[in-house]
Amino acid sequence: MALDTLYILIAEDEPRQAEILKFNLEEEGFRVGLAPDGLKALEMIDEALPDLLILDWMLPEVSGIRIMKKLRKEKETKSLPVIMLTARGEEDDRVRGFEVGVDDYVVKPYLPSELVARVRAVLRRSHPEMQEEKIEYAGIELDLVKLRVSRDGDPVELASTELRLLKALMSHPGRVFSRNRLIDLAWGTTIYLEDRSVDVAVRRLRKALNEGGKADIIRTVRSEGYAIEENASRY
Ligand code: CA
């Protein structure tokens, strides 16, 4: 889950604040939607359930508190993580917010970095696997929050499937993963794929990792699968 891009919906009627926040969250690797009023927010939640909602309390059409009450009543949105934005001094809003079940609140004006930190903290509660933010091995660094990979400090461009493959292989250096296991880990159990698709993805992963003539640390185990070299630190 951590490697899928998490989707955050911002319900905020002040366009400049919404845009700045969107930009900052996208920089962190999140997918972001914007709703300029309460009605649109409810529509967008209906269309695609976000992983987290940032909810301005004072919204046109449908207010933040009415949205919260509605969300908490319905099965699909009962546990949707919500961070409420409130104006300074509006203590009553904050109290009412917690009463209707917001997960956290941030007082305006806020620093985007502060809000991003709150977003991460709330998401970590709903996605425990996000606790681990980075995997490092043999000079390869995989940032599970920003979904970025680097090798010896150089950025490595990977598509999401290759990223999940790398995450799986790096979770146990030396261990041989069968193609079936890798399909489960990188594509999901609901999909049917030929073994060849794994080989193609591993080839792309290798090419990206070895860019610039770096040593190949992925081991092909004939008729078994793939592994990351166990003593790869010497490369
Ligand atoms: Ca507002």
Side-chain angles (χ1 to χ4, degrees), residues 1-133 143-148 160:
M1 189 60 190
L3 281 178
D4 294 322
T5 306
L6 295 172
Y7 169 47
I8 297 174
L9 180 63
I10 304 170
E12 162 66 271
D13 59 316
E14 285 141 76
R16 197 175 142 69
Q17 286 195 29
E19 284 298 337
I20 291 171
L21 190 49
K22 180 171 189 274
F23 174 82
N24 278 273
L25 288 166
E26 283 174 347
E27 281 285 288
E28 296 294 310
F30 295 109
R31 202 155 55 81
V32 183
L34 283 185
D37 63 61
L39 205 58
K40 185 75 184 153
L42 287 172
E43 269 175 34
M44 288 175 77
I45 292 167
D46 218 35
E47 276 165 27
L49 188 65
D51 294 288
L52 182 140
L53 172 66
I54 296 173
L55 180 62
D56 185 23
W57 215 228
M58 300 294 281
L59 275 180
E61 306 292 344
V62 185
S63 70
I65 196 153
R66 279 181 59 201
I67 290 179
M68 276 312 293
K69 283 181 175 163
K70 192 170 177 341
L71 293 178
R72 290 304 181 241
K73 244 186 266 166
E74 283 163 27
K75 190 167 160 262
E76 296 75 27
T77 53
K78 211 179 173 65
S79 54
L80 167 64
V82 177
I83 296 178
M84 170 184 127
L85 301 179
T86 180
R88 189 174 293 282
E90 291 176 356
E91 295 288 322
D92 288 355
D93 283 354
R94 195 184 308 171
V95 171
R96 277 195 299 165
F98 281 120
E99 276 171 8
V100 291
V102 302
D103 296 84
D104 202 357
Y105 70 89
V106 171
V107 178
K108 289 181 178 183
Y110 55 82
L111 288 173
S113 57
E114 182 201 344
L115 189 43
V116 169
R118 299 292 191 92
V119 164
R120 279 195 184 165
V122 170
L123 282 173
R124 259 182 233 129
R125 272 182 260 153
S126 51
H127 299 278
E129 71 278 14
M130 280 184 69
Q131 296 289 357
E132 195 172 20
E133 297 193 342
D143 186 322
L144 300 174
V145 175
K146 294 187 179 176
L147 304 178
R148 285 182 192 145
S160 60

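Counting convention: from 1, in listed order, for ligands and their atoms alike.
As for Asp13, its N/O/S atom nearest the Ca ion (ligand 1) is the one called OD1. For Asp56, the N, O or S atom with the smallest separation from the Ca ion (ligand 1) is OD2.
Taking 4.0 Å as the cut-off between side-chain N and carboxylate O, Glu61 and Arg66 do not count as a salt-bridged pair. Salt bridge Lys108/Glu12: present, at least one basic N to carboxylate O contact under 4.0 Å.
The nearest N, O or S atom of Glu12 is not closer to the Ca ion (ligand 1) than 3.0 Å.
Identified under the side-chain hydrogen bond (donor to acceptor under 3.5 Å, both in side chains) test for residues 24-40, with sequence neighbours left out: Lys22-Glu26, Glu28-Arg120.
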Discussion item. Would Ile10 and Leu25 count as a side chain to side chain contact (heavy atoms under 4.5 Å, CB included) here? Give the steps.
Written reply: CA-CA 10 Å; Ile10 304 170; Leu25 288 166; 4.0 Å; yes
